[in-house]
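Some notes on the structure that comes next.
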Amino acid sequence: MEEEKDPNFKIDPENFRMYYQLQYDRIDKLETKRENFCNFVLTLSSAIIVFSLSTDNRLSQYTNYLIALIIIFNVAAILFFSKTRAFIKMHQKRATIASEKFANELLLINKEVDKINSDGDLLNRNNIYSIIHFAIIVIMLMIFAMENKCNC
């Protein structure tokens with residue numbers, strides 16, 4: 001890293017552009033994976049809720065297994081969202097640091113517009129999806145309780 005300490009060191013603008021774009025491409029892929037996984041789990045959960053509330057007694061023996069499976073999927077979705085958020089923030093930070101070092105003009109443009117800090121927002125996308133998945137877990141537990149109530 002001798003080159004970085006040299007005050008005359010300049011990075012090729014094309015290399016900077018590619019690195020900057022790479023960070024946002026990675027963010028895009030992570031967000032797409034999050035959305036796809038979340039939509040899959042929500043669709044599957046909705047189908048199982050309808051199935052468990054409308055089945056006849058012949059199929060009710062499988063309902064408990066499906067409920068357990070959906071609870072596991074929803075917990076996995078919550079964990080997946082939390083884990084990928086850290087990686088998204090990392091890529092955003094990398095792009096900002098690259099701008100600070102190699103593209104001050106670009107950084108000045110970005111600083112002219114106030115950035116919304118989603119970390120302090122209780123209704124950010126991560127929290128909304130977590131709440132939805134948690135609500136589905138609660139609904140599934142309620143269905144489980146209804147299916148297994150004691151007729152004593």
Side-chain angles (χ1 to χ4, degrees), residues 1-55 59 62-145:
M1 296 290 168
E2 294 281 329
E3 296 164 337
E4 285 185 22
K5 294 179 183 176
D6 181 9
N8 297 323
F9 174 71
K10 298 284 184 193
I11 191 167
D12 178 30
E14 184 61 20
N15 287 342
F16 166 75
R17 186 193 67 73
M18 288 178 7
Y19 181 78
Y20 191 84
Q21 183 177 356
L22 174 66
Q23 300 312 309
Y24 281 96
D25 285 346
R26 288 178 176 173
I27 290 170
D28 180 48
K29 286 180 181 170
L30 285 169
E31 288 182 343
T32 300
K33 286 179 184 179
R34 288 168 60 159
E35 296 291 326
N36 289 342
F37 186 64
C38 180
N39 290 336
F40 171 74
V41 171
L42 291 175
T43 302
L44 193 61
S45 298
S46 300
I48 298 303
I49 288 172
V50 170
F51 172 78
S52 64
L53 293 177
S54 65
T55 58
L59 298 175
Y62 301 111
T63 303
N64 290 340
Y65 297 115
L66 292 173
I67 289 172
L69 185 65
I70 292 303
I71 289 173
I72 291 168
F73 279 167
N74 279 281
V75 169
I78 292 170
L79 295 174
F80 185 67
F81 255 79
S82 298
K83 187 71 171 175
T84 55
R85 181 167 171 80
F87 283 101
I88 288 170
K89 292 293 184 183
M90 176 191 68
H91 291 300
Q92 287 174 337
K93 185 69 174 169
R94 283 180 177 173
T96 301
I97 290 171
S99 296
E100 288 171 350
K101 286 188 174 188
F102 304 114
N104 286 328
E105 297 84 15
L106 179 64
L107 189 63
L108 292 174
I109 292 170
N110 282 342
K111 287 187 177 182
E112 285 182 20
V113 179
D114 292 334
K115 181 182 177 224
I116 298 171
N117 184 3
S118 62
D119 291 333
D121 184 8
L122 291 177
L123 295 177
N124 66 36
R125 188 175 5 168
N126 190 55
N127 290 344
I128 288 172
Y129 278 124
S130 294
I131 290 167
I132 290 170
H133 288 291
F134 184 74
I136 289 174
I137 291 169
V138 170
I139 291 169
M140 292 308 223
L141 290 173
M142 290 169 50
I143 292 171
F144 180 79

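Please read all numbers here as calculations on a predicted model, not as lab measurements.
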Measuring from atom [atom1] of [X] to atom [atom2] of [Y], what distance do you get when rounded to the nearest 0.5 angstrom?
| X | Y | atom1 | atom2 | value |
| --- | --- | --- | --- | --- |
| I49 | I143 | CD1 | CD1 | 5.0 Å |
| F40 | F73 | CZ | CZ | 5.5 Å |
| L69 | L44 | CG | CG | 7.0 Å |
| F134 | N74 | CZ | CG | 11.0 Å |

Taking atom CE of M90 as the centre, does the number of heavy atoms from other residues, nucleotides or ligands within less than 6.0 Å exceed 12?
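Counting other residues, nucleotides and ligands, CE of M90 exceeds 12 neighbours.
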Around atom NZ of K93, are there more than 12 heavy atoms from other residues, nucleotides or ligands closer than 6.0 Å?
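Counting other residues, nucleotides and ligands, NZ of K93 stays at 12 neighbours or fewer.
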Side chains of [X] and [Y]: closer than 4.5 Å at any heavy-atom pair?
| X | Y | result |
| --- | --- | --- |
| T84 | K33 | no |
| C38 | L42 | yes |
| F16 | S99 | yes |
| I78 | I137 | yes |
| M140 | L66 | no |
| S45 | H133 | no |

Let me have the donor-acceptor pairs involving side chains of residues 19-30, under 3.5 Å, with sequence neighbours excluded, atom names and distances please.
from : atom 1 : to  : atom 2 : distance (Å)
Q21  : OE1    : R17 : NH1    : 2.7
Q23  : OE1    : H91 : ND1    : 2.8

Check residues 125-132 and write down every donor-acceptor pair under 3.5 Å in which the side-chain atom is one partner and the other belongs to a residue at least two apart or another chain.
from : atom 1 : to   : atom 2 : distance (Å)
R125 : NH1    : E35  : OE2    : 3.2
N127 : ND2    : L122 : O      : 3.2
Y129 : OH     : E35  : OE1    : 2.9
S130 : OG     : N126 : O      : 2.9

